[in-house]
Amino acid sequence: MTATPKTQPKTYHVKSFGCQMNVYDGERMAELMAAQGMTATDDANAADLVVLNTCHIREKATEKVYSEIGRIRKGAQEEHGKRPMVAVAGCVAQAEGEEIARRAKVDVVVGPQAYHNLPDLVRQAADKGLALDTDMPAIAKFGALPARRKTGPTAFLTVQEGCDKFCTYCVVPYTRGAEVSRPFDAIVDEAKSLVDAGAHEITLLGQNVNAWDDEAGTGLHGLIRALDRIAGLHRIRYTTSHPNDMKDGLIRAHAEVEKLMPFLHLPVQAGNDRILKAMNRSHTRDSYLRILDRVRAARPDIALSGDFIVGFPGETEEEFRDTLSLVDAVGYAQCFSFKYSPRPGTPAAEMDGAVPPEVMDERLKRLQAALNRDQAAFNAATLGKNCTVLIERKGKLPGQMLGKSPWLQSVHLTTDARIGDLVEVEIVRADPNSLAGVAKVKAAA
Ligand code: 5AD
Ligand code: SF4
C-alpha cells in the first residue's frame with residue numbers, strides 16, 4: 001500500500017477545491033513550497049508534485065478528488081512520461097486519512113490543521129513512501145508558515161477556523177475541528193503584510209467568522225475597526241457568518257465603518273422551523289428575518305447572500321415552500337443552493353425520510369429560479385448608480401477590465417485603469433450575472 005520512493009520534487013502545482021478557506025490554505029501551501037526553493041507551475045501535468053487541496057462538504061466534492069487524481073496521472077504520463085508525487089490535503093484528507101492512500105495510492109495525506117508540515121511530509125514520502133499527518137493541533141500551523149509576500153488586489157485572511165455548531169448535516173466540525181480564533185496581533189500583522197504586498201481588499205475568513213473573539217472580548221467588529229486603520233487598505237469583507245453570532249457591534253460596524261463593504265453572507269439553509277430544528281441550526285425563520293431587519297436598518301443598501309439546502313431528510317413540499325417564501329421575503333442579492341447530501345458520521349445521515357432524487361432536483365430548480373430572479377432584480381436596481389469598482393483583472397476584450405462593486409457584483413468596463421485601481425463608475429448595464437460600467441473620475445487609490 002505504500003507508494004514507491006521518489007526523487008525530491010522540484011516543481012509543484014496546488015489545486016484547491018471548495019470554499020474560500022481552501023483557497024487561502026492553498027496559497028499558504030504554495031508559499032511553503034516556494035520557501036523550500038521549489039518552483040510553481042501552472043500546468044498540473046508538468047509538476048513533480050501535485051497538491052490537491054480537497055473539500056468534503058458534499059459527496060460530489062469528495063468523488064471529484066479521486067477522478068482528479070486519475071486525470072492528473074494520465075495527463076502527466078501522456079504528456080511528460082512521468083508519475084508525479086500526489087499530496088492530498090484539506091478536508092477529504094482529514095476525513096478519509098489512510099483510506100485515500102489505500103484507494104488512490106497517493107504519497108502524502110495531510111489534514112487542514114497540519115499543512116505547515118507539508119515540506120517535511122514530502123521529503124519523508126520521497127525517501128520512504130507514504131507520509132500521513134492528520135493531527136489537529138489548534139491553530140499551531142499559522143506560526144509555522146512563512147510571511148505573506150505577494151498578493152493580488154484582493155486577499156483572503158483566515159482569522160477563525162473550525163465550528164462548534166454541529167448542524168446535523170455538516171462535516172465541518174469533524175474535518176476542521178473546534179472553533180478557534182487566531183490572535184488579534186497575528187491577524188493585524190498579516191493584514192499589514194498583505195497590504196504591503198499589494199492587497200487593497202481583505203476578506204476575513206472563518207467557518208464562523210463572526211464568532212471570532214479574543215480574551216479582551218474585541219469581537220469581529222473590533223478587529224474590523226482595527227483593520228480599518230490600516231492605510232492602503234480600502235475594502236474589508238468577511239465570510240461565512242452564523243446567525244447566532246450576528247452581534248450588535250458587528251451590525252453597528254456596517255453602519256459606521258466605511259471600508260466595511262455592504263455585503264453579508266448569512267446562510268439560513270431552510271425557511272421552515274421544523275427543518276431548522278432538525279438541522280440543529282439554533283435559529284428560527286423569524287429570528288433570522290429579524291437579524292436581517294436590523295442589518296438593513298444599519299446599512300440599507302446591504303447586499304444579502306445565503307446558503308440553502310433542499311431535500312433535508314423528511315422535508316415535505318409544504319416545508320420546502322416555506323423556504324421559497326423566505327426567499328421572497330428577503331430578496332437576496334446572490335446565493336448558493338445545494339441538494340442535501342448525506343455525509344458519513346453526521347447525525348442527519350442516520351435520519352429517516354430520504355427525499356427522492358427527482359424531488360430534490362425539482363425543488364432545487366424552483367429554488368434557483370427564485371434566487372436567479374432576485375439576483376437579476378438586485379443587479380437591475382444598481383442600473384444608473386455610481387459606485388467604486390476595484391479592478392481585479394483584465395477582461396477578454398482589448399481595454400476591458402474586470403472588478404467588483406461594493407456589493408460584490410462583477411463589473412466590466414473599458415478603461416486605462418490598472419489592476420488594483422479603485423475606479424469610480426456609473427453602472428450602465430445590468431445583466432443577471434454581471435454589470436457593465438463606464439469610468440468616471442479615477443478615485444485616489
Ligand atoms: N449537503 C448539502 N449541502 C451541505 N452544506 C453543508 N453540508 C451539506 C450537506 N451535507 C452546504 C450548506 C453550507 C454550505 C457551505 O454547504 O449550505 O452553508
Ligand atoms: Fe457546518 Fe453548521 Fe458549522 Fe456551518 S455552522 S460549518 S453548516 S456545522
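Count residues from 1 along the sequence. Atoms within a ligand are numbered from 1 in the order they appear, just like the ligands themselves.
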Indicate whether the side chain of H265 and that of D307 have a donor and an acceptor atom separated by less than 3.5 Å. yes
R235 and T154: side chain donor to acceptor below 3.5 Å: no
Classify the side-chain pair D133/N117 by whether it contains a donor and acceptor separated by less than 3.5 Å. yes
Just to verify, which of F336, F320, Y332 counts as forming a ring pair (Phe, Tyr, Trp, His ring centres under 6.0 Å) with F308? Y332
Short of 2.8 Å from atom 3 (Fe) of ligand 2, name each protein N/O/S atom, waters not counted. C163 SG
Q160 side chain to N210 side chain, donor-acceptor N/O pair below 3.5 angstrom: no
Under a plain distance cut-off of 3.5 Å, with no hydrogens placed, do R285 and S325 share a side-chain donor-acceptor pair? yes
Near ligand 1 (heavy atom, under 4.0 angstrom), the protein residues are I57, R58, Y169, Q269, D307, I309, F338, K339, Y340, S341, R343
Does the side chain of I57 come within less than 4.5 Å of C170's, by heavy atoms? yes
Check K165 with D245, please: is the shortest side-chain N to carboxylate O separation under 4.0 Å? yes
Could you establish whether M279 and ligand 2 come within less than 4.0 Å of each other, counting only heavy atoms on the residue side? no
Would you say the ring centers of F338 and Y169 fall short of 6.0 Å from each other? no
I'd like to check which ligand 2 atoms, numbered from 1 as shown, lie under 4.0 Å from a non-hydrogen atom of Y169. 7 (S)
Is a side-chain donor-acceptor pair under 3.5 Å present for S341 with E59? no
